[in-house]
Amino acid sequence: MEKERKPKNIFVQGPISSEKIAQSIANHASKTDIGGHSIFLGQIRADEKPEGKVVAIDYTAYEEMALEKAFEIREAIFAKYPLTCMHIYHSLGEIKVGEICLFVFTSSKHRKAAMQACDELVERIKAELPIWGKEILDTEGHVWKVNT
Amino acid sequence: MEKERKPKNIFVQGPISSEKIAQSIANHASKTDIGGHSIFLGQIRADEKPEGKVVAIDYTAYEEMALEKAFEIREAIFAKYPLTCMHIYHSLGEIKVGEICLFVFTSSKHRKAAMQACDELVERIKAELPIWGKEILDTEGHVWKVNT
Amino acid sequence: MSNLIHIKAFGMVAEKIGKESLSLENPGTTEALKNLLFQNYPELRSLKFTLAVNKKLTPGDIELEEGMEIALLPPFSGG
Amino acid sequence: MSNLIHIKAFGMVAEKIGKESLSLENPGTTEALKNLLFQNYPELRSLKFTLAVNKKLTPGDIELEEGMEIALLPPFSGG
């Protein structure tokens, strides 16, 4: 079901629910050539900044460019690893502390490909997609998130 | 909630449901020092063997020894990586093709620790826990699973 | 004769210049555009940002043509 | 005087010998036990398995004491 190669939307308004994750996992029960799934979830952390404590992150993106780039990354990862499926979801808008903002999901016949592809996808998503996080503080102020 | 260190049961009778996975993820929304979750899921594959096609795997274990060893592995991984939480679930009994038989879940402040710990846990679980899979074939016969 | 280029601003850049889009008379190249922006919005000088032209990151100085979409991108921080 | 050791068998080993547990007069050491098992269950000779004594893998030859739990473990294949 993932083999047709066309850009697909990765953006979700608001947090990613655990029900959505469960549904996505359940959808793969019919793919009997899958032996392993690797999942990464990004969750909003209550970081302490000099200016205050993070209560939420407000995500914005240059959506058209991000989708083009995400498609390019998908193609590269599919070419590099023998994957059965790959799913990427990133939140837009305000995501509160404890909520999920990123969901990366790879599946393959043998576990190593799924795991390595998942790690690499997360790194590339953070480094290459034009997405910005504004960290909302409990002091009413904000700071711009910096990826390390 | 994971910091008390005592052996805990890792075994689940039958397949691991996507609802259980969702519940486990949702349980971490209150842990506001978590920035990343890494999850590995093992799924039963419809492998073609010379003797027939796999339709299920029947798992048995030397449970007391497996729980002692799992505890030892947990302690070692907690000592090696700065993790917030770690969960391991392995199925016993007959798990059908497409169903989930292994659920490994690690959480940490920064993503790398969760990812590396999850990978290492999966490797150690497969290599070191006294668990056996009997692959049930569509020909009514069976073969014993071999981990590579 | 009008020769406009369209500029989108994101994140901290949008915040600093107080708008998410603007149109400018084409200054000719990306380097000339940066100088024009620094003149109009001096607060941009202290920010790190890169330019995308028609949704692609542009290394070096690029010739600008009418109708191009230029984006001002502060360091990415998704995930 | 009885000096029994308790043996558990798993996976392919249990299948080959047709039982999941048995009690034997203590033959003294793990090596002696293996020889006794090979004598009683010649089909075990073709199988790869290791011994656990009181739930620990045992490298080398181990002295067996009454009441010990010995397990015959074919290669693990969890996950």
Side-chain angles (χ1 to χ4, degrees), chain B residues 7 10-12 16 40-45 47 54 57-73 88-93 95 99-104 118-136 141-148, chain D residues 4-24 26 29-31 33-34 36-38 40-79:
Chain B
I10 67 166
F11 290 113
V12 175
I16 296 160
F40 178 80
L41 303 174
Q43 181 168 308
I44 308 296
R45 215 170 47 218
D47 268 3
V54 174
I57 297 184
D58 187 12
Y59 284 104
T60 52
Y62 185 7
E63 292 187 48
E64 305 89 329
M65 181 178 165
L67 295 182
E68 278 187 15
K69 192 72 192 175
F71 179 62
E72 186 189 316
I73 294 172
I88 302 169
Y89 300 101
H90 196 296
S91 291
L92 292 180
I95 316 301
E99 292 182 329
I100 305 288
C101 61
L102 174 62
F103 171 27
V104 177
C118 188
D119 285 14
E120 195 167 322
L121 267 173
V122 173
E123 295 306 312
R124 294 196 63 176
I125 288 165
K126 287 182 166 256
E128 298 178 41
L129 295 192
I131 301 173
W132 298 275
K134 185 164 81 171
E135 297 176 315
I136 314 294
H142 69 261
V143 291
W144 290 90
K145 181 170 180 275
V146 175
N147 277 1
T148 48
Chain D
L4 288 181
I5 53 166
H6 307 292
I7 299 174
K8 294 183 170 213
F10 294 93
M12 198 191 286
V13 171
E15 183 178 74
K16 280 277 184 187
I17 68 177
K19 50 185 85 172
E20 293 184 347
S21 66
L22 60 155
S23 294
L24 282 181
N26 182 358
T29 67
T30 49
E31 279 306 309
L33 173 63
K34 274 196 224 171
L36 185 60
L37 289 167
F38 288 148
N40 297 351
Y41 305 99
E43 58 273 41
L44 278 185
R45 289 173 196 272
S46 63
L47 288 190
K48 206 175 159 236
F49 68 94
T50 53
L51 261 58
V53 176
N54 290 343
K55 305 185 192 76
K56 300 283 177 203
L57 293 180
T58 57
D61 198 10
I62 299 269
E63 198 90 22
L64 294 178
E65 287 162 30
E66 202 203 329
M68 273 182 167
E69 181 176 295
I70 316 294
L72 312 180
L73 311 176
F76 306 158
S77 57

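Chain identifiers are assigned alphabetically (A, B, ...) following the order of the sequence lines, protein sequences preceding nucleic acid strands; residue numbering begins at 1 within each chain. Just so it is clear, the structure is predicted and the values come from calculations on it, not from any experiment.
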Quiz prompt | B:Ile131 versus chain D, the contacting section by heavy-atom distance below 4.5 Å | solution = both
Practice problem: Mind ranking D:Glu69, D:Glu15, D:Lys8 by heavy-atom pairs under 4.5 Å with chain B and telling me who comes out on top? | Solution: D:Glu15
Quiz item: Hey, what's the ring geometry for B:Trp132 with D:Phe10, parallel, tilted or perpendicular (30° and 60° as the breaks)?
Solution: parallel
Self-check item: B:Ala66, part contacting chain D, at a heavy-atom distance under 4.5 Å
Solution: neither
Practice problem: Taking all heavy atoms of B:Asn147 and all of B:Lys126, pick out the closest pair and write down the distance. | Solution: ND2-O, 3.2 Å
Exercise. Return the option, out of D:Gly78, D:Ser77, D:Ala71, with the maximum number of heavy-atom pairs under 4.5 Å with chain B.
Key: D:Ser77
Quiz item: Between B:Ile125 and chain D, which part of the residue has a heavy atom less than 4.5 Å away: side chain, backbone, both or neither?
Solution: neither
Quiz item: Between B:Glu128 and chain D, which part of the residue has a heavy atom less than 4.5 Å away: side chain, backbone, both or neither?
Solution: backbone
Quiz item: Quick one: do the B:Tyr62 and B:Glu68 side chains pair a donor with an acceptor below 3.5 Å?
Solution: no
Self-check item: Shortest non-hydrogen separation from B:Asp58 to B:Gly93 and the atoms involved
Solution: OD1-C, 3.2 Å
Exercise. Please report the C-alpha distance between B:Val12 and B:Leu92 in whole Å, then the side-chain angles of each, then the deciding distance to 0.1 Å, and finally whether the side chain to side chain contact (heavy atoms under 4.5 Å, CB included) criterion is met.
Key: CA-CA 6 Å; B:Val12 175; B:Leu92 292 180; over 6 Å; no
Quiz item: Side chains of B:Tyr59 and B:Lys145: does their closest heavy-atom pair fall under 4.5 Å?
Solution: yes
Self-check item: Best-contacting candidate, B:Gly133, B:Gly42, B:Ser91, against chain D by heavy atom pairs under 4.5 angstrom
Solution: B:Gly133
